[in-house]
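In listed order, ligands and their atoms are each counted from 1. If you read the sequence from its start, that first residue is 1, and numbering goes on from there.
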Amino acid sequence: MVSTQAPPVENSGRQYLPSPIGKFKSISPNQQLFPLTTTVNDRDHMEIGGCDVVNLVEEFGSPLYILDEETLRTACRQYRDALAREYPGQALALYASKAWSCLAVCAIAASEGFGIDVVTEGEMQTAFKAGISPANIYFHGNNKSRAELDLAITSGCTVVADNWLELQTLAEISKTAREPIRIMLRMTPGIECHTHEYIRTGHIDSKFGFDPDQIDEVFSFISQQPGLSCTGLHAHIGSQIFELQPHADLGEVLARWFEKSASYGLEIKELNVGGGLGIRYTEADDPPSIEEWVKVVSSGIVKACEARNLPLPKLLCEPGRSLVGSACVTAYSAGAQKTIPGIRTYLSVDGGMSDNPRPITYQSLYRVVLASQMGAPLTETVTIAGKHCESGDVLIKDARLPKIETGDILVISSTGAYNASMASNYNRVSRPAAVLVGNGSADIILERETYEDLIRKDRLPERLIADS
Ligand code: LLP
């Protein structure tokens, strides 16, 4: 089951059921509706990372992304520790920075021993600025520009080659490069899984990666390029996946290609299984834990390699959503309400599809609470609407909430992945600030855009300036 299809589940009449405190190590953050440090304080307000959410909004404004450092670090450590425990060879987890590319998140992931997966120069430059060593940066993308490739290569990143044009360009660049260019190959695994059509990438009809039917031609081409050093193979099935079987099957598919590569004289040392582990957006979502996922992925590779007498490769994986998704919430201020008798009540908030484009794009479901009155009974059914000039700008349909007054603070959870990174300025709404919370303090990690920021790149040609 994925949250895009699951019906909203009525909860137990309470807004929030706290996680057992002090046991973070064993709680998989991706299975939680709220960040691990979430509590209710004696003012009946939601507290995250020891910070009162209502106070945070007073200080930093709304909408506000609130990122809990403890949750993010716990998720990173669970991947890292599970890989060390479950995989007998070398392993490296990469943070798929498309989930939220910003300096602070990249720096935290790196400080927990992660490398970084980037897909554009923008994400690459962010990783560089966050202090990530290029040796641990893997550059993906299905249409990399020549300039992007040049930058990645001269900086020492690994390029994950995605298609023929790119391979030919790499071969050409390698003729004048000082040393062989380190590349991996992205293949389409041909594995189906149940997630939203837009975020499925493993099936054959995908714009990403080489078609597996062309694998011989690809290997043969690379084996004739002395300037290309192909060190690994990569496949990614899709995102927000709750099933484990596709990831078990992926080991088999990757090992088959790995075996074949040897007959072309390629020295493959790394297999990258991509990301994809889902998170809990609503009560109806029941994803496996990080540890379960790592176990399945690791044993899939080990079994498939052993069966073929292949040496154990270095195992890479690229989680995005399951690292940062559950670590962040978005706080909004409640505004206008409109009741259409017999139909529904709309409650508008001061953000919407610009700070969270997932509901309108993927019909994603989310969970909301009234953070300024956590103990209040759930008496109302309201549809949370954004402030954009678009009827579809609805964040949550028919949410159960206490009675809401204008100015109340609402919190929507699990907004750390693909929210800030996909945010827009539609209707010239400035993008929210983000704070990193922990141990009772909050640091800005993303400043709120100002209206000057919004028009900074606008130019008014002289002839359009009205005569005064
Ligand atoms: N590796 C590759 C090559 C990917 O394409 C992706 C995600 C990941 C890793 C990370 O997957 P994750 O662990 O986050 O599932 N905007 C969509 C999600 C698009 C995912 C794109 N690729 C959403 O909001 O659901």
Side-chain angles (χ1 to χ4, degrees), residues 2-5 28-30 72 75-76 78-79 92-101 105 109 114-120 123 137-144 158-163 184-189 191 193-203 206-210 232-243 246-247 250 254 271-281 285 287-288 290 293-294 297 316-328 353 355-366 414-424:
V2 294
S3 64
T4 50
Q5 293 159 4
S28 194
N30 70 314
L72 175 55
C76 291
Q78 288 184 3
Y79 269 104
L92 177 67
L94 313 174
Y95 166 51
S97 66
K98 69 207 79 184
W100 189 352
S101 175
V105 176
F114 275 57
I116 306 275
D117 137 18
V118 300
V119 296
T120 59
E123 290 181 0
I137 299 179
Y138 288 73
F139 181 33
H140 279 281
N142 64 306
N143 196 19
K144 305 173 181 82
T158 301
V159 177
V160 186
D162 192 276
N163 54 60
M184 292 186 80
L185 284 178
R186 178 167 181 174
M187 309 290 302
T188 310
I191 291 174
C193 57
H194 298 103
T195 189
H196 193 283
E197 189 190 348
Y198 295 173
I199 54 180
R200 235 187 307 162
T201 48
H203 55 305
S206 164
K207 71 171 180 168
F208 298 105
F210 288 95
L233 302 173
H234 170 282
H236 170 76
I237 302 173
S239 200
Q240 183 59 2
I241 299 173
F242 288 5
E243 303 151 278
H247 278 100
L250 185 58
L254 281 167
L271 294 183
N272 185 333
V273 295
L277 173 61
I279 68 168
R280 192 164 201 213
Y281 287 100
D285 292 333
I290 291 173
W293 188 88
V294 170
V297 160
L316 304 186
C317 63
E318 292 165 345
R321 191 190 313 265
S322 52
L323 287 182
V324 78
S326 313
C328 181
M353 61 185 285
D355 61 78
N356 184 357
R358 298 193 71 259
I360 200 167
T361 312
Y362 315 114
Q363 301 74 53
S364 306
L365 303 178
Y366 279 89
S414 314
T415 56
Y418 307 108
N419 276 223
S421 64
M422 288 172 60
S424 75

Would you find a donor on one side and an acceptor on the other, under 3.5 Å apart, between the side chain of [X] and the backbone of [Y]?
| X | Y | answer |
| --- | --- | --- |
| H247 | G275 | yes |
| S421 | S101 | no |
| T188 | F208 | yes |
| Y95 | W100 | yes |

query = When the aromatic ring centroids of H140 and H234 are compared, is their separation below 6.0 Å?
reply =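 That pair passes the under 6.0 Å test.
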Under 4.0 Å, heavy atoms only, figure out whether ligand 1 is touched by the backbone of [X], its side chain, both or neither.
| X | answer |
| --- | --- |
| S239 | both |
| D117 | side chain |
| E318 | both |
| F208 | neither |

Problem set entry | Contact with ligand 1 for A417, non-hydrogen, under 4.0 angstrom |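 It does not; every heavy atom stays at 4.0 Å or beyond.
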Can you find an N or O of [X] that's nearer than 3.5 Å to an N or O of ligand 1?
| X | value |
| --- | --- |
| G274 | no |
| S322 | no |
| G238 | no |
| Y418 | yes |

Enumerated ligand 1 atoms positioned under 4.0 Å from heavy atoms of [X]:
| X | answer |
| --- | --- |
| P319 | 13 (O) |
| A96 | 8 (C), 9 (C), 10 (C) |
| G320 | 12 (P), 13 (O), 14 (O) |
| G275 | 9 (C), 13 (O) |

Q. Can you find a side-chain donor-acceptor pair between N142 and D162 that sits under 3.5 Å?
A.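 Distance-only check fails for N142 and D162.
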Nearest heavy-atom pair of [X] and [Y]: which atoms, and what distance?
| X | Y | value |
| --- | --- | --- |
| P246 | I237 | O-CD1, 3.4 Å |
| P288 | L277 | O-CD1, 3.6 Å |
| Y281 | S414 | CE2-O, 3.2 Å |

**Request:** Identify which of R321, H236, Q240, H140 has a heavy atom lying nearest to atom 25 (O) of ligand 1.
**Result:**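 Residue with the shortest heavy-atom distance to the ligand atom: R321.
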